[in-house]
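Here is the structure we will look at, set down as structure tokens.
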Amino acid sequence: MEWSACVDEYEKLVIRMTTPRVVIDNAVCPTSTVVKVDSARKHGILLEAVQVLTDLNLSIKKAYVSADGRWFMDVFHVTDLNGNKLTDESVINYIEQNFPPSSLALQSLGSVHYGQPNDFSGSTALELTGTDRIGLLSEVFAVLSDLQCSVADAKVWTHNGRIASLIHVKDSNSGARIEDVQLISVIEARLRNVLKGDNDIRSAKTSVSMAVTHTERRLHQMMFADRDYERKPILESVTTNSPVVVTVQNWVERGYSVVNVQAKDRTKLLFDVVCTLTDMGYIVFHATVNTIGDRGYLEFYIRHQDGTPISSEAERQRVILCLEAAVKRRASEGVRLELSTSDRQGLLADVTRTFRENGLNVTRAEVSTMKETAQNVFYVTDVMGKPADGKIIESVREKIGLSYLRVKELPSLVYHKEGGERDEQAVGMAGTVLLSLGSMVRKNLYNLGLIRSYS
């Protein structure tokens with residue numbers, strides 16, 4: 001590290017002590033790359049570490065976290081999306097040299113495979129929340145197209161009958177960010193009217209976001225503020241993935257609240273949970289992550305920022321509901337459709353209108369534009385939240401273009417008994433396995449010397 005002449009020795013020492021040290025080892029584990037992070041402890045440091053890895057679309061197979069005292073030590077076992085160790089030197093160098101996360105550094109990777117983000121500095125960010133309904137997304141994009149707004153990037157989540165979206169737009173004529181105050185007011189008003197529909201006068205919200213926030217973290221914050229975790233879903237989807245099991249118990253002797261999460265393993269599962277715990281004001285002192293088959297097992301030892309554990313049954317239930325919601329918001333309900341074609345004004349309005357006219361409901365969407373090419377992902381179900389009919393999917397593909405719109409994923413099998421009832425016995429067994437794993441993890445922490453007792 002090169003130092004400026006005005007930096008004295010004490011400042012150098014402080015910088016060295018507070019700058020995270022990252023070591024990447026491809027030799028110690030035969031199946032994954034091991035990433036070790038050491039740093040002075042601060043609130044949110046675990047989220048920053050996880051964000052670096054998940055923004056690169058890396059899969060975290062195992063993790064061990066210890067942050068007692070004033071030091072943070074973390075070990076991640078990661079692979080790429082194909083389950084292989086990391087071999088791309090640009091990715092390895094980025095992880096080693098650019099912690100905490102830097103969006104500019106990530107853009108310099110220049111690799112779509114590793115989830116390169118767009119530069120949003122030249123766009124205007126719109127935040128939308130409201131009641132979800134069939135065809136809502138097509139109405140939103142139609143308004144933007146009518147107001148000569150081109151969509152540079154957008155992410156849309158739906159959960160429990162609510163929708164949250166962060167949309168980056170530009171002036172379609174000049175390609176510049178929209179700064180006209182009157183035009184922004186018109187955009188907000190028209191989108192708010194669309195979101196209100198006939199029955200969402202109070203909770204529909206639109207705003208221009210000035211803060212620079214991680215997109216997916218912001219979506220979690222928006223849905224949390226909208227209290228989606230308290231609402232009942234309008235439509236019960238039968239394509240739901242395996243159940244999410246969350247337990248919260250107090251370890252009175254050690255002053256921790258122990259949070260266990262069991263869910264279907266997927267990319268960014270750890271990010272979603274850690275993001276929610278962080279934004280709820282909890283500090284993670286110890287954590288373990290493990291995957292067995294297609295299931296992810298996560299355990300966290302947490303306290304409030306004042307050092308106290310969860311103090312009431314109401315708070316315990318709130319944590320459970322919020323973590324269940326955090327996991328389910330990104331659940332891939334429905335058929336995954338990928339659209340890749342030349343971008344043009346009104347493209348999204350036309351595509352989503354075609355979905356609506358053919359009875360397809362968009363449950364999640366990721367929209368991006370790279371070098372005049374639209375790279376969009378949509379998850380769709382029928383109007384009842386059930387798997388969309390294959391013939392309808394093919395009809396939609398023919399209308400949009402078979403070579404442009406491709407089917408990439410089909411919904412997983414239903415985790416239900418006959419008659420549509422959830423298999424509560426299986427859920428109970430899952431919870432038992434989770435609690436047993438928690439006991440095993442406490443024993444491992446004891447053997448590693450990270451805690452004094454696991455009884």
Side-chain angles (χ1 to χ4, degrees), residues 20 22 35 37 39 42-60 63 65 72 74 76 78 91 94-95 97-109 111-112 114-129 151-159 163-169 177 205 207-226 228 266-284 322-323 325-331 364-370 375 377:
V22 181
V35 180
V37 182
S39 173
K42 66 175 182 178
H43 184 54
I45 186 68
L46 175 59
L47 178 59
E48 290 183 356
V50 173
Q51 180 183 317
V52 169
L53 301 176
T54 55
D55 279 352
L56 293 168
N57 282 338
L58 302 180
S59 180
I60 300 174
V65 176
F72 169 85
D74 204 347
F76 298 100
V78 303
V91 174
Y94 167 76
I95 297 173
Q97 299 174 12
N98 295 282
F99 187 95
S102 165
S103 61
L104 292 177
L106 187 55
Q107 290 169 32
S108 69
L109 287 174
S111 171
V112 175
Y114 285 103
Q116 176 194 8
N118 286 334
D119 180 4
F120 301 142
S121 60
S123 63
T124 303
L126 305 174
E127 295 184 354
L128 315 176
T129 55
V151 178
D153 187 275
K155 281 188 170 59
V156 181
W157 288 359
T158 63
H159 179 244
I163 186 171
S165 180
L166 188 55
I167 305 175
H168 293 267
V169 297
R177 68 180 302 162
K205 296 178 182 178
S207 64
V208 175
S209 174
M210 298 300 181
V212 179
T213 309
H214 186 270
T215 300
E216 293 175 344
R217 183 177 185 182
R218 183 59 189 147
L219 285 170
H220 276 301
Q221 292 171 343
M222 291 164 61
M223 299 208 88
F224 176 78
D226 193 48
D228 68 316
R266 58 167 172 78
T267 304
K268 300 187 179 181
L269 174 62
L270 180 58
F271 172 84
D272 293 337
V273 175
V274 172
C275 177
T276 301
L277 288 173
T278 302
D279 285 336
M280 291 181 73
Y282 296 106
I283 296 176
V284 176
C322 289
L323 291 180
V327 174
K328 292 178 180 178
R329 286 170 194 149
R330 203 195 293 267
R364 187 157 66 92
E366 297 179 5
V367 174
S368 62
T369 304
M370 298 182 182
Q375 301 282 354
V377 176

Can Val169 and Leu126 be said to form a side-chain contact (heavy atoms from CB on, under 4.5 Å), step by step?
CA-CA 8 Å; Val169 297; Leu126 305 174; 4.0 Å; yes

Quick one: CD1 on Ile163 to CG on Asp226, what's the gap to the nearest 0.5 Å?
11.0 Å

Within a strict 4.5 Å, meaning less than it, do heavy atoms of the Leu323 and Val273 side chains meet?
yes

For the student: nearest non-hydrogen atoms of Arg266 and Ala326, plus distance
NH2-O, 4.2 Å

Is a side-chain donor or acceptor of Ser165 paired with a backbone partner of Lys155 at a separation under 3.5 angstrom?
yes

What pair of heavy atoms forms the shortest contact from Val22 to Val37, and how long is it?
CG2-CG2, 4.4 Å

By side chain to side chain contact (heavy atoms under 4.5 Å, CB included) - contacts of Asp228 (at least two apart):
His159, Arg162, Met223, Ala325, Arg329

Evaluate the side-chain contact (heavy atoms from CB on, under 4.5 Å) criterion for residues Val52 and Leu58: first the C-alpha distance (whole Å), next the side-chain angles of each, then the deciding distance (0.1 Å), finally the verdict.
CA-CA 9 Å; Val52 169; Leu58 302 180; over 6 Å; no

Do Val50 and Phe76 have side chains that get closer than 4.5 Å, going by heavy atoms?
yes

Give the minimum heavy-atom separation between Arg330 and Thr267, together with the two atoms involved.
CD-O, 4.5 Å

Which heavy atom of Lys268 sits nearest a heavy atom of Asn57, and at what distance?
CE-OD1, 3.9 Å

Find the distance between OG1 (Thr215) and CG (Asp153) and round it off to the nearest 0.5 Å.
6.5 Å

Within the 4.5 Å heavy-atom criterion, are Leu166 and Leu219 side-chain neighbours or not?
yes

Answer yes or no: is there a side-chain heavy-atom contact under 4.5 Å between Asp279 and Phe224?
no

How close do Val208 and Thr124 get, counting heavy atoms only, and between which atoms?
CG1-CG2, 3.8 Å

For Phe72, enumerate each residue passing the ring-ring contact (aromatic ring centres under 6.0 Å, His included) test, keeping only those at least two apart in sequence or located in another chain.
none

Would you please test Leu53 and Ile95 for side-chain contact (heavy atoms from CB on, under 4.5 Å) and show each step?
CA-CA 8 Å; Leu53 301 176; Ile95 297 173; 4.0 Å; yes

Those residues that, when tested against Thr278, pass side chain to side chain contact (heavy atoms under 4.5 Å, CB included) (two or more places apart):
His43, Leu47, Arg217, Val274

Here the gap from Phe271 atom CZ to Asp55 atom CG, rounded to the nearest 0.5 Å, amounts to 7.0 Å

